[in-house]
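Heads up, the thing below is written out as structure tokens.
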Amino acid sequence: MRKLIITFFVVIMIAALTACGSNNAAPSKKSKDGGSITLAVPADPLVLNPNYASDRVTLTIQQALFAPLFYINGRNVTPALAEKLTVSKDQKTYELTLKKNLKWHDGKALTAKDVVFTLNSILDKKQNSDLRGNFVFNNKPVKAVALDNQTVKFTLPEVAPSFQLNLEQLYPIPQHVFANESNLQKSTKNNHPIGSGPYQFVTYKSGQYVELKKFNDFFGGKPHLDKVIFRVAKDQNAANLGLQNGSIQLKAIQPADVANVTGKGNVDVVSYPEYRLNYATFNENVPAFKNKTFRQAISYALNREDIIKSAYGSNKYAIPASSIFTADVKFQNKNVQTYPYDLAKAKQLLDQSKVDKKQQLTILYLNNNKAQESIALYFQQQFKKIGLNLQLKPTDPAAWGNYALNRKSTAYGILLNGYIMGPEADTYKVLFQSTSPYNYANYHNAKLDKVWDAASVETDQAKRSADYDQIQNKIADDAVLYPISYDDALFAISKKYGGIKEAKPQPVTILRDLSKLYLK
């Protein structure tokens, strides 16, 4: 899913961090170069090409291999490959200036032509990049030309407030590598990716690990660690044991894992805002869930506070959700319909829906996610209270993806998932527009599709806000999904490592810049 598209506003600020255990976030005078770190990921990457990266694992590895134009965290933006971005008075022309002396991992110069090539490959319909919609406005694409080796000129077909935020999250790919490839997504060149990030590719063994080595010409400075290994650890219990015995030194964890992984006192746990919505979506391909009254009925049968307690043990790392937009979106409307817990109302609406109560319904979730398992069990329990049968359907990430991405699927009635979309409201449309491949609810509303498109090019902020209010209210009233919680993220890291603050914890990828980590 393109649940991890991230865009942002130009504001420079360091994210706040809280740590459990000793605080090793401060710089150490005894930092040294050398050594390695092993980071656990729950699955194999899908394709190591930024034009197609959409899942958390791939994006985490990508962050080490490739560099973006700008770094992002919430609404915060700092330059990466880019030096600056200048906007014309009519807001139709943007000039991007790159830093000097940028290099790809193979030693070739990274220039403005690479940025132009990247955008054009995204815009090419034959290349099937899900990012294409970010650079097309009213069916007209953005045009890009290289003015010189450092400067790219972008010309918009019309004023589009969302363009800048979408551009800033772009990860360039090398023209000299992909220029003659007819299918970038399936190209064998992706098997040995050449990027511009702090670490460069060494080898990948499916189901085992991805190994990277430091890139000495990284624009952000020579990395401290010689090597980074992303170990594929599908069994999360085994991976947590790896944290305890030291075979794994860095891993994203769930709140329920904190006590276990810190038991031996050899790791620190860091929590930080991730601007993530944890939710349950209702599949309208299934006849029962096509019924709006039925969807509203089961929404009233659920209690967010109880779900959070069941999944996380407390509300320390999550708060009840309302809008489809997270708190980093300035258009977030918290006053939408939330369906407060009311079993009597749920039973009343269920009767009105005239849905067959004896039919078997299913809830799909990841079999390696303890929080989702707890949520699924809670749903099953609440459904019983209103006379419904809910079958649990735990599955591995690969099978989950096959079910979720099939827009004709009836394999699930309810899907548990979460997304991090960033502060640009326009990016959320990939989850809700009728023809989107990530419309997991299979929700179709032609009128709302037009509102999404209109909002993306609306220059009057009051009108744009009104458009997004209309979208949020309609999706809430239609009970397209059930927003559960806005979650913080946590990771555990061995106390042997310093430079955590400088590496900058951030949504999705755990850390922004692994080059800043070092062995104490």
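By convention here, the first residue in the shown sequence is residue 1. Source: prediction; values computed, not measured.
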Handout entry: Gap between atom CG of N291 and atom NZ of K354 - 0.5 Å precision
Key = 10.5 Å
Exercise for the section: To the nearest 0.5 Å, tell me how far N51 CG sits from N128 CG. Expected result: 11.5 Å
Problem - Any pair counted as salt bridge (charged side-chain N to carboxylate O under 4.0 Å, His left out), so long as it reaches residues 446-464, sequence neighbours left out - result: E424-R464
Handout entry: Where at least one partner belongs to residues 355-367, residue pairs that pass salt bridge (charged side-chain N to carboxylate O under 4.0 Å, His left out), sequence neighbours excluded
Key = D351-K357
Handout entry: Donor-acceptor contact present, side-chain R512 to main-chain P505, <3.5 Å
Key = no
Practice task
Examine distances only and state if a side-chain atom of Q63 and a backbone atom of L511 form a donor-acceptor pair shorter than 3.5 Å.
Solution key: no
Exercise for the section: Can you tell me which residue pairs pass the ring-ring contact (aromatic ring centres under 6.0 Å, His included) test with a partner in residues 347-384, sequence neighbours excluded? Expected result: none
Exercise for the section: Start with the C-alpha distance between R56 and E274, add both sets of side-chain angles, then the distance that settles salt bridge (Lys or Arg N to Asp or Glu O under 4.0 Å), and finish with yes or no. Expected result: CA-CA 13 Å; R56 188 183 288 262; E274 193 167 42; 2.9 Å; yes
Exercise for the section: Sequence neighbours left out, what passes ring-ring contact (aromatic ring centres under 6.0 Å, His included) with Y339? Give chain and number order. Expected result: Y300
Looking at [X] versus [Y], is the centre-to-centre ring distance below 6.0 Å?
{"X": "Y482", "Y": "F282", "value": "no"}
{"X": "F432", "Y": "Y438", "value": "no"}
{"X": "Y275", "Y": "Y486", "value": "no"}

Practice task
Can you label the angle between the F331 ring and the Y468 ring as parallel, tilted or perpendicular, going by 30° and 60°?
Solution key: tilted
Handout entry: Lys/Arg-Asp/Glu bridge criterion (N-O < 4.0 Å) met for E373, K393
Key = no
Problem - By salt bridge (Lys or Arg N to Asp or Glu O under 4.0 Å) - contacts of R276 (at least two apart) - result: D487
Practice task
Just jot down the side chain to side chain contact (heavy atoms under 4.5 Å, CB included) partners of T58, sequence neighbours excluded, or say none.
Solution key: P45, L46, L48, A53, D55
